[in-house]
Amino acid sequence: MHTNLHNPDSGFSSLLQASALFCERDERVLFSGLDLTVSAGELVQIKGSNGSGKTTLLRILCGLNEDYEGDILWKGESLSEERENFLSSMIYIGHRVGVNRILTPRENLRWSASLHAPIDDNRIVAALGRLGLRAYEDIPCRNLSAGQTQRVALSRLLISPACLWILDEPFTTLDVHGVKHLESLLSEHVNAGGAVILTTHHALNVSCQWRALDLDSRRAAA
Amino acid sequence: MHTNLHNPDSGFSSLLQASALFCERDERVLFSGLDLTVSAGELVQIKGSNGSGKTTLLRILCGLNEDYEGDILWKGESLSEERENFLSSMIYIGHRVGVNRILTPRENLRWSASLHAPIDDNRIVAALGRLGLRAYEDIPCRNLSAGQTQRVALSRLLISPACLWILDEPFTTLDVHGVKHLESLLSEHVNAGGAVILTTHHALNVSCQWRALDLDSRRAAA
Amino acid sequence: MNKPLSDGAGSDISTWQAFCATLKRDLVIAFKRKNDLLNPIMFFLIVVSLFPLGISPDPVELSKVSAGVVWVSALLASMLSLDNLYRADYEDGSLEQLLLSPQPLYFLVLAKNIAHWLISGLPVVVLSPLLAYMLYLPSEAYWTLVLTLMIGTPVLSLFGSIGVALTVGLGSRGLILAVIVLPLSTPVLIIGAKAVTDVMFGLPVGSHFALLGAILALALTMAPLASAAALRISVN
Amino acid sequence: MNKPLSDGAGSDISTWQAFCATLKRDLVIAFKRKNDLLNPIMFFLIVVSLFPLGISPDPVELSKVSAGVVWVSALLASMLSLDNLYRADYEDGSLEQLLLSPQPLYFLVLAKNIAHWLISGLPVVVLSPLLAYMLYLPSEAYWTLVLTLMIGTPVLSLFGSIGVALTVGLGSRGLILAVIVLPLSTPVLIIGAKAVTDVMFGLPVGSHFALLGAILALALTMAPLASAAALRISVN
Amino acid sequence: MWLWFSKLGSPRWFYELSNKWLPWLYVAMMVLMSVGLLWALLFVPEDYQQGQTIRIMYVHVPVASISLACFPLMAVAGTITLVWKMKLADMVAKSVAPIGAWFTGLALASGAIWGDQIWGTWWAWDARLTSLLIQFFLFIGVIALRSAIESQDAAAKACAILAIVGAINVPIIKYSVEWWNTLHQPASDFSMDPVAPNPPEVWVPLLIMISAVYVFFVIALILRTRNEILQRERRSQWVIDLVSREKSV
Ligand code: HEM
Ligand SMILES: Nc1ncnc2c1ncn2[C@@H]1O[C@H](COP(=O)(O)OP(=O)(O)OP(=O)(O)O)[C@@H](O)[C@H]1O
Ligand SMILES: Nc1ncnc2c1ncn2[C@@H]1O[C@H](COP(=O)(O)OP(=O)(O)OP(=O)(O)O)[C@@H](O)[C@H]1O
Ligand SMILES: [Mg+2]
Ligand SMILES: [Mg+2]
């Protein structure tokens, strides 16, 4: 089943819509009155200096953090009501990437896939291969280097049917080739009608529609 | 006491000298016959793709990993005999940065310092301030963002009397300002007669003597 | 890129598959570590043998306390292994992935709890007659001991899971767990040990089993919900 | 940059300062967590009160087993909190920093062990008369109980530390620790419980104390060395 | 001296030497075992108290005495591993652990069977039994630790430390348990030291059985160690040559 991401029935090209978000931590206001719309076919980079609230924002958007005020809509419906739909079309990779160190890359991916929809082994091997982990499929992840572990996590993107990718500093510990490769993956996904929200401190070089939201300049303006 | 790093008595400008290093993990040879000399007043960047063995090399050099063959000399003497001298003039910051999440930055630094030589609190506050953590001195580190935690670890460099810095991907999660700042710290240290060994996937921009050792091209040549 | 980009919800079949995959994953992790399989048994054996060492090797004395000792040891064995239940997943981020699954969390948590019981509870049940023998439990009480443990240990896993879920985000380990989990498990312990002692005195034990069964049914339906809610809070 | 760039070795004074700083650090962490302070006491209380529930509330019965029960609980309380000893430091990289200190590792490990005892052992010692009372221990044995615990619990911390140090790099928690640490602690348990029972029978206990003292001296001198060696291996 | 020592440490040297020893050991074991077993089972007179069950002694005593030797052996091998970093010592240490666990288990089991006949219970919290049980736990601990640590070098050192600590501990356990027991349950209805009052018809076959089982133990140890050598040195030239020679035969 190859659904079109611009679902013609729903009439919403905006996938995720956050309005008037307010969040404070330790009595420091991270952001207030923040509006953000992410539509199919675009990439949004959240920028900001260390501690400006990028991770917090991403975790709020994907529903892991509920300490905020404001509204978040998924395809025009409230996130809390659409939770199941939302979760099955979203994938999140955070600072802690969710790779078990005892299992092998293959087993890790198999479980990740099964949480959404099980897929067959060939796709898993192919995904790992595309991320440069051929011959590492069956080595326990504790024996992988930092960058290789990151690659295991990223190969989830290739086997997931999700249309919205939320990625927190996905370029961390990747080598130069890895960075290029991920950038082309992102472009591919966005050009195929997907959407990406990510944070990174690195100068992004993608060939698709993208814009940045700078938390620092917002605060300076306020 | 302001010792000169080019200790005239010892007659060695080379601090750390590794020769014919050989290391394999999981039956994959990471490097063999590797020679590396680091002298006072220079920065050495270890390059290589993910999984090429950079972290392993750094941990071997600083004595955390002993699964290798070959010789390592500290100022011309065998590392195992000079261990105490070596440890008191070396500082290592790895992938896991050694910041306790329950303690505050101030407490973390105080303990780190005491492991080498205790220093007074003003220097600690000044070091944290220089790394942009003013007003965060007394917040538990679990409430800091990823980049802020990295900065806490890096401020150890400012309070340590060590002349050799061994840093594994120190730029991870730092924002643009942080990267610039660290680069200037590195240059300063090297120009003052210190030495730095680091790994990073980012294009280094320092104003001091530096050279790179590329593990990939070594392997390709072999 | 020719992959289907879905935006639909999970069906019953995929819930069942996610349940099985999670159960299998936890068992595979335990098998790979090997220790995880051996350790509950060893721990149980050791704790049970600590008591004669601390108390007295006298058969008469021991036979009086044996039911209690086996039950307390079973509880401690189950509790010590609880830490493995969510901690590693929390630390490596897998728990976030679990919470972000579109499948009902109840079933995923239940799968993890069942895996935990299979690893830590079942071996204890199987081994209990041997230990009962070593502690001179009268032989007419063996079956009661095994049966009460069979019903009781899953309850310990299910309740224990709530405690771990509540504390998984906190820095401190082990003990807070004990403080939360032990009081929850006390009723099971009391009923189980009482049933065994009653059999030794020739008293009827039907009501004890009825009560244990009721607690198990309650735990099976409610505890995973509580664990799921607790996990959401801890990860926040 | 006006900082002295040293390349000399550590002196005795700085070893002492590193010792104190490490001790203080571990205590501060425990105080900040609060749970760490409360939990050993709570755990000890709960386990001790499980016994009357699991065994029998009969004073005569209880008084016979009370010494053993208090000792076994003390051992389990100490063991459960062991996991805190190096685990967090391993995971956040502080342990690497400890190993890379120019100060002798013996003293740093000793500092951490002393902190562990102050947090988990000392409260148990202080609380033990209350529990002994609850379990109907004859009052003439109170002092012996307290004293044996006072000498014995540090040994548990010191030996336990070896077990944690050996396993800190491994994935599985809790149980492997138990399997390694419990056999090491058995003699202390036996001697401690025996001394208390002997006092109840009016027998002399000097030799028990001499033996406990000898074990403590051995543990103080050797165990931190073994822990230090084990830590180096685990971090490798 | 040093040369001899480093040669002894060479796995290859051990492998080739044991090649020569093994046939003799097999023969010795066969002879001792058959003589000992036949004598013990067929010709030793029934005990006036224990009847036929006395025959269990011929399994129990040898097995128990070897099980006590295994832990010190492992500790010595561990010390050599730590101090001289000799690879062969660790291979021996690794091979001893499971054998020791098996022998300890057998000693427990044979004692339990015997006890069931004689004391009317398979288990008593007696000094020897308890300390042997704890030693069994220690063996399991060493094996578990070995299997849990991936890096061979790290596992070797970690197990060496545990073996040494455990070896210090085993006598302490034995002593403390013994002395704890004598008060509560004086050694009364059974004597662990029946060798002296018994006639030579009883103890000569026992000695033969003890030597037979010792030889068996040595053979098992050598075989396991050889296995371990091949496993670890599988990429060295001499093992590759050896394997290809075996294949061509
Ligand atoms: C589970 C039960 C038992 C265990 C764990 C056990 C363990 C041991 C151990 C560790 C030894 C020492 C071997 C040595 O010093 O070389 C031993 C020796 C011996 N055992 Fe047992 N034993 C058990 C039951 C029995 C029973 C029921 C009998 C028969 C009455 C028995 C008779 C002996 C004898 C005769 C020796 C040789 C004593 C000597 O030469 O020092 N054992 N046993
Ligand atoms: N604990 C380990 N046990 C066995 N092999 C390991 C272990 N850690 C790393 N390796 C292997 O060693 C190789 C080098 O790892 P290392 O961490 O040194 O790479 P790296 O150059 O630092 O990579 P990265 O850029 O990803 O950090 C990898 O192929 C990895 O699979
Ligand atoms: N668990 C927490 N409790 C309280 N405050 C927190 C917590 N986590 C983060 N903060 C605070 O929230 C602010 C934003 O943190 P966040 O992790 O979102 O930053 P970030 O933009 O992702 O930074 P980085 O680039 O360093 O990853 C920081 O000032 C931090 O101190
Ligand atoms: Mg962040
Ligand atoms: Mg690395």
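These numbers come from the heavy atoms of this one structure, side chains and all, not from hydrogens, waters or symmetry mates. Chain naming here is simple, since letters A, B, ... match the order of the sequence lines and numbering starts at 1 in each.
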Set out, in order, the CA-CA distance, both residues' side-chain angles and the distance that settles side-chain contact (heavy atoms from CB on, under 4.5 Å) for B:Arg59 and D:Glu96, then state yes or no. CA-CA 10 Å; B:Arg59 290 174 71 90; D:Glu96 290 170 0; 2.7 Å; yes

Partner set under salt bridge (charged side-chain N to carboxylate O under 4.0 Å, His left out) for B:Glu137, not counting sequence neighbours: none

Output side-chain donor-acceptor pairs under 3.5 Å for residues 214-224 of chain D, partner residues at least two apart or in another chain, one line each.
| residue | atom | partner | partner atom | Å |
| --- | --- | --- | --- | --- |
| D:Thr221 | OG1 | D:Ala217 | O | 3.0 |
| D:Thr221 | OG1 | D:Leu218 | O | 3.0 |

In terms of heavy-atom contacts, does OH of D:Tyr133 have more than 12 from other residues, nucleotides or ligands at under 6.0 Å? no

Which answer fits B:Thr56, side chain, backbone, both or neither, if we ask what part of it has an atom under 4.5 Å from a heavy atom of chain D?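 Contact with chain D involves no heavy atom of B:Thr56 at all.
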
Full working for salt bridge (charged side-chain N to carboxylate O under 4.0 Å, His left out) between B:Arg101 and D:Glu91: CA-CA 11 Å; B:Arg101 285 161 50 77; D:Glu91 269 157 16; over 6 Å; no

With only heavy atoms counted, which part of D:Tyr90 is less than 4.5 Å from chain B, the side chain, the backbone, both or neither?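 Both backbone and side chain of D:Tyr90 come within 4.5 Å of chain B.
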
Once you round to the nearest 0.5 Å, how far does CG of D:Asp89 lie from CG of B:Asn100?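 D:Asp89 atom CG to B:Asn100 atom CG measures 6.5 Å (nearest 0.5 Å).
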
Rounded to the nearest 0.5 Å, how far apart are CD of D:Gln103 and CG of B:Leu87?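 Going from CD on D:Gln103 over to CG on B:Leu87, the span is 10.0 Å.
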
Worked verdict on B:Glu107 versus D:Lys32 for side-chain contact (heavy atoms from CB on, under 4.5 Å): CA-CA 12 Å; B:Glu107 289 160 336; D:Lys32 291 214 175 178; 2.7 Å; yes

Check the pair D:Lys24, B:Trp111 against side-chain contact (heavy atoms from CB on, under 4.5 Å), reporting the backbone distance first and the verdict last. CA-CA 9 Å; D:Lys24 192 175 151 204; B:Trp111 180 68; over 6 Å; no

Of all heavy-atom pairs between D:Leu108 and B:Leu115, which one has the smallest distance, and what is that distance?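 That closest heavy-atom pairing would be CD1-CD2, 4.0 Å.
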
Should D:Leu100 and B:Leu64 be marked as a side-chain contact (heavy atoms from CB on, under 4.5 Å) after you check the CA-CA gap, both sets of side-chain angles, and the distance that decides it? CA-CA 8 Å; D:Leu100 291 178; B:Leu64 281 176; 4.1 Å; yes

